[in-house]
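Residue numbers start from 1 in every chain, and the chains themselves are labelled A, B, ... in the order their sequence lines are given, proteins ahead of strands.
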Amino acid sequence: MLDLRRIRSEPDAVAAALARRGDDRSSIDEVLRVDAERRAKAGQRDDLRARVNAISKEVGAMFRDGRKDEAAALQAESKAAGEREKALDTEVAALDEQRRDRLLRIGNLPSADAPDGGSEADNVVLRTEGFDADGYGPHQRVPHWDIGAELGFLDPEAASRISGAMFSMYRGHGARLLRAMVQLSLDRNGDAYEEIRPPTLVRTDTMISTGHLPKFADEAYHMERDDLWAIPTAEVPLTSLGRDQVFDEAVLPLRFMAYTSCYRREAGSAGRDTRGVLRSHEFDKVELLAYAAGAEQAIACQEDVLARSESILSDLGLAYRIVDLCAGDLGNSAARTWDIEAYAPGCDMWLEVSSVSWFSDYQARRANIRYRPSGGGSPEVIHTVNGSAMGWPRTWAAVVETHRQPDGTIAVPKVLQPYMGGLEVIGPR
RNA sequence: GGAGGGAUGGCAGAGCGGACGAAUGCGACGGUCUUGAAAACCGUUGGGCCUCACGGUCCCGCGGGUUCGAAUCCCGCUCCCUCCGCCA
């Protein structure tokens, strides 16, 4: 959610920033119109209340002094004022709701550092690591779904029998490999990030805080009976961990990580990336998240998350690249996002395995997470940063394809071997 | 699922129709004293909205009602706790 005061004081600058993400300024003008009306009405209401309060005080004094009879006229005036006040208050409440609803649907302002552009095509590749287009042998040009069938560690038929299309099932060493990768990234980041195992079914408020509602309700699974939502990412519970809290600046940045399943309806993507594990309604992810005091600290956190994700990919022996998302391709809540794409030689695709974003104070304002500045003064809204330490299925696919050997077996990367009971090679079952 | 209890400031906890944004204690901050510290003493110490400001207004879990006036009375809801039952 944007800062309303900023919209009021510099509407043109805000509109210009939103234009970079392709949003027109009508939403801003709408908010301002509702806001102006609300303020006018609220002012009138407050004046009436002030009158009622003053009268009550006087009446109270009269009662104490035994001048009850003098109070009648004042009581009548107060009653009338109270009725007008109530009517105005109803109007103000309605305007409040309208204002908030409009505000919640306006996206975040892109950082000035985010490149210009309207679509994916305008994203900027910042750098590419470990990639040699000609360095892959024919044995690595086998897509992971074929490898999965070959070695028996993927069972898409069983998955769809149980849950339908776009669910995956890992078996045997395939499942264990996935678990090893989860463990690896949790262990890697435990030095600075507190491990959290949050609930994965959350309330509506919690989904609103991160910006997943109200705008993207179609993307999420909703359990109507209990009015709970299945989280699309651990970012959701981790952000709301600090909801309505005020932290001392000295404890920031606070860093959390969580391993959870993530649930996405993927409405509208039926038929896209249907092979293998590239797109699934349910997948595992380890998420890193930080609460920061202000932009500078937040950007340092964002760089830290990026560096940590990168180091895991390179230790897994994968080629990857860092993509700076252009303003038009940014997620609704993000100010700046770096995607990490791992190269999967078998399907010959750059797979988005992590998305490291700085949300400025957009999410924290919705979640009402603040910090008290060390120098004194009123609480300020914190900044949030998060990124996948790794989105596992896609990384898994890249690992399996990259490390397929000429004999069809998979060489287990050294860093994962301790988590696989020392296993060095995965062969057929 | 059944029965009961509770929700007040950073925390603990009083208040149960008017002078209450709220006693008191703890904590935190500032000062006096001290070579320094502790102790003691004095003082300060929540947040939102409107306003250049003065000031106004709102917030005692949330929403409604009664009243000139509600933290306090009434109704509904949510959450938490305890006990019983059932259960991974």
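Relative orientation of the A/Trp229 and A/His222 rings is parallel, given thresholds of 30° and 60° on the angle between their planes.
Nucleotide B/rC29 forms a pair with B/rG43, judged by Watson-Crick or G-U wobble geometry with both contacts under 3.5 Å. In this structure, B/rC79 forms a base pair with B/rG6, meeting either the Watson-Crick or the G-U wobble geometry with both donor-acceptor distances under 3.5 Å. Nucleotide B/rU72 forms no Watson-Crick or G-U wobble pair with any nucleotide shown, as no partner meets the under 3.5 Å limit on both distances. Shown here, B/rG1 forms a base pair with B/rC84; the pair counts as Watson-Crick or G-U wobble because both key distances fall under 3.5 Å. For B/rC52, there is no paired nucleotide, since no Watson-Crick or G-U wobble pair has both relevant distances below 3.5 Å.
The nearest heavy atom of RNA chain B to A/Arg39 and to A/Lys79 marks one nucleotide each, and the one closer to the 5' end goes with A/Arg39. Residue A/Phe63 is the one, among A/Phe63 and A/Arg5, whose nearest nucleotide of RNA chain B lies closer to the 5' end (criterion: closest heavy atom).
Residue A/Arg38 is classed as a sugar-phosphate contact, given heavy-atom separations below 4.0 Å to backbone atoms only. Among the heavy atoms of the strands, none lies under 4.0 Å from A/Ala42. Backbone-only contact: A/Lys86 has heavy atoms under 4.0 Å from sugar-phosphate atoms and none from a base. Residue contacts for A/Ser56: at a heavy-atom cut-off of 4.0 Å it reaches a base atom on one of the strands shown. Residue A/Asn53 is in sugar-phosphate contact alone, with no base atom involved, counting any heavy-atom pair closer than 4.0 Å across all strands shown.
Counting heavy-atom neighbours within 6.0 Å of A/Arg100 CZ, excluding the residue itself, gives a total of 12 or less.
With hydrogens and angles disregarded, no donor-acceptor distance shorter than 3.5 Å links the side chain of A/Arg188 to the backbone of A/Arg308.
The side chain of A/Arg372 contributes no N or O atom lying less than 4.0 Å from OP1 or OP2 of B/rA28.
Spacing of C1' atoms, B/rG21 relative to B/rA71, comes out at 10 Å, to the nearest Å. Comparing the C1' positions of B/rG10 and B/rA28 gives a spacing of 8 Å, expressed to the nearest Å. When the P atom is compared between B/rG85 and B/rG2, the two are found 16 Å apart, to the nearest whole Å.
In this structure, A/Phe153 has its ring center closer than 6.0 angstrom to the ring center of A/Trp396.
A salt bridge links A/Asp12 and A/Arg25; the closest N-O separation between the charged side-chain nitrogens and carboxylate oxygens is under 4.0 Å.
Nucleotide B/rC62 holds its P atom 11 Å from the CG atom of A/Asp244, rounded to whole Å.
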